[in-house]
Amino acid sequence: METLRELLRASLWTKSLSPAQLARIESETLVRDLPVGVPVCRKGEPVEHWIGLIDGLVKMTSVTPEGKTTTFTGLTSGGWFGEGSLLRDKERRYDVVTLRESRVAYMPRATFDWLLDNDIQFNRFLLMQLNERLSQFIAMVEYERLLEPDARVARSLAGLFNPVLYPDQQRDVQLSQEEIGYLSGVSRQRVNQALKVLENAGLVKVQYGRVHVIDLEGLRSFT
DNA sequence: TCATTAAATTGTT
DNA sequence: AACAATTTAATGA
């Protein structure tokens, strides 16, 4: 996707909005283009925006006081995030960093609150998205303990293509094996092996610096 | 357009 | 973690 308008059109919560309401959202929302490796938002910052990803790829991370970084999950284009912090916290609890060049939409808190107060579909969407995330994270904890590395890599990749959270239907991730390792909690060497297994199973095609998903359902259920 | 070079990524130990 | 091999992107002739 290239424009804020396209992102809004692809988002499930805009379906019931009038053209005037959409125009208001469009005019109040900021768009920024960010290069690779820069923060989209930082832990500890006051939460002033709901954030949408028009194009690109970002990751949610947390840095310990000692400087160790853990990656929670990747987020792909079409998705919105930060509603949890917006609803609950004064400060953001995690960092979001670009993994490749990204175009990001920042919806001000005031616009977010206005939607929350006036649009039932918007509230439904938030419930659904929060629920989807919850089950995603529960599944992560579950398979972190139960599954072998091949399956963990498979599911982290599949998670990037969750159609509920990221309506943009693309099948490519431009992501190094090192980054896939961070996303799935597996060493780069192990990712390398896992990708070969998945490629031999006909689920993905591995290219230099990117992975193309062939069989998404197969990836999700890979054991 | 082609060749050269540096940087990034991959494959292997 | 380390090393070599491979691929890409950038540069300049």
Side-chain angles (χ1 to χ4, degrees), chain A residues 1-3 6 31-43 51 53-79 81 94-105 136 139-141 143-162 165-166 168-223:
Chain A
M1 292 190 282
E2 300 198 339
T3 64
E6 284 179 88
V31 175
R32 285 206 293 160
D33 285 309
L34 302 175
V36 178
V38 305
V40 174
C41 55
R42 290 176 203 267
K43 181 158 80 172
I51 302 174
L53 191 56
I54 297 170
D55 189 48
L57 186 65
V58 304
K59 62 177 175 182
M60 275 179 54
T61 64
S62 186
V63 184
T64 64
E66 302 89 58
K68 288 184 181 174
T69 304
T70 52
T71 299
F72 296 125
T73 186
L75 304 152
T76 63
S77 58
F81 57 91
Y94 44 80
D95 297 301
V96 177
V97 179
T98 54
L99 285 176
R100 34 168 285 211
E101 213 174 70
S102 299
R103 181 166 290 167
V104 182
Q136 197 186 46
M140 264 193 204
V141 174
Y143 67 68
E144 190 163 302
R145 298 178 183 174
L146 298 180
L147 297 182
E148 50 150 4
D150 291 346
R152 286 165 60 179
V153 171
R155 299 210 185 179
S156 331
L157 281 178
L160 294 176
F161 298 94
N162 182 325
L165 297 176
Y166 318 114
D168 195 15
Q169 287 291 4
Q170 288 199 352
R171 290 278 152 128
D172 259 315
V173 250
Q174 193 184 334
L175 206 50
S176 70
Q177 298 183 359
E178 187 175 23
E179 284 297 347
I180 295 173
Y182 292 140
L183 289 179
S184 40
V186 166
S187 73
R188 180 178 73 77
Q189 292 88 332
R190 200 59 189 75
V191 170
N192 186 266
Q193 290 185 286
L195 286 178
K196 282 176 183 163
V197 171
L198 299 176
E199 185 165 42
N200 286 331
L203 302 176
V204 300
K205 177 144 177 52
V206 179
Q207 293 163 304
Y208 184 86
R210 76 172 48 232
V211 176
H212 183 81
V213 176
I214 296 168
D215 180 356
L216 184 53
E217 200 40 54
L219 259 193
R220 281 208 189 86
S221 54
F222 185 87
T223 50

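Just so we're on the same page: letters track the sequence lines, and every chain starts at 1.
Checked by atom type and distance alone, the side chain of A:Thr98 pairs as donor or acceptor with a backbone atom of A:Gly37 at under 3.5 Å. Without hydrogens or angle criteria, A:Thr71 side chain to A:Thr61 main chain gives no donor-acceptor distance under 3.5 Å. Listed for the A:Arg210 side chain is no donor-acceptor partner under 3.5 Å among the backbone atoms of A:Leu175.
What separates CD of A:Gln177 from C1' of B:dG11 is a distance of 8 Å, to the nearest Å. A:Leu195 has its CG atom 8 Å from the P atom of B:dG11, to the nearest Å. Counting to the nearest Å, the P atom of B:dG11 and the CZ atom of A:Arg190 are 14 Å from each other. Rounded to whole Å, atom P of B:dG11 lies 14 Å from atom CD of A:Glu178. In this structure, A:Ile180 places its CD1 atom 11 Å from P of B:dT9, rounding to the nearest Å.
Here the straight-line distance linking atom CZ of A:Arg152 with atom CZ of A:Arg145 works out to 11.5 Å at 0.5 Å rounding.
Closest heavy-atom contact between A:Asp55 and A:Arg100: OD2-NH2, 4.0 Å.
A salt bridge is defined here as a Lys NZ or Arg NE, NH1 or NH2 lying under 4.0 Å from an Asp or Glu carboxylate O, and A:Glu199 with A:Lys196 fails to meet this definition.
Considering only side-chain N and O atoms, A:Gln193 lies nowhere under 4.0 angstrom from the phosphate OP1 or OP2 of B:dG11.
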Along nucleotides 3-11 of chain C, 5' to 3', which nucleotides get a B, which get an S, and which get a -, given that the test is a protein heavy-atom distance under 4.0 Å?
----BS---
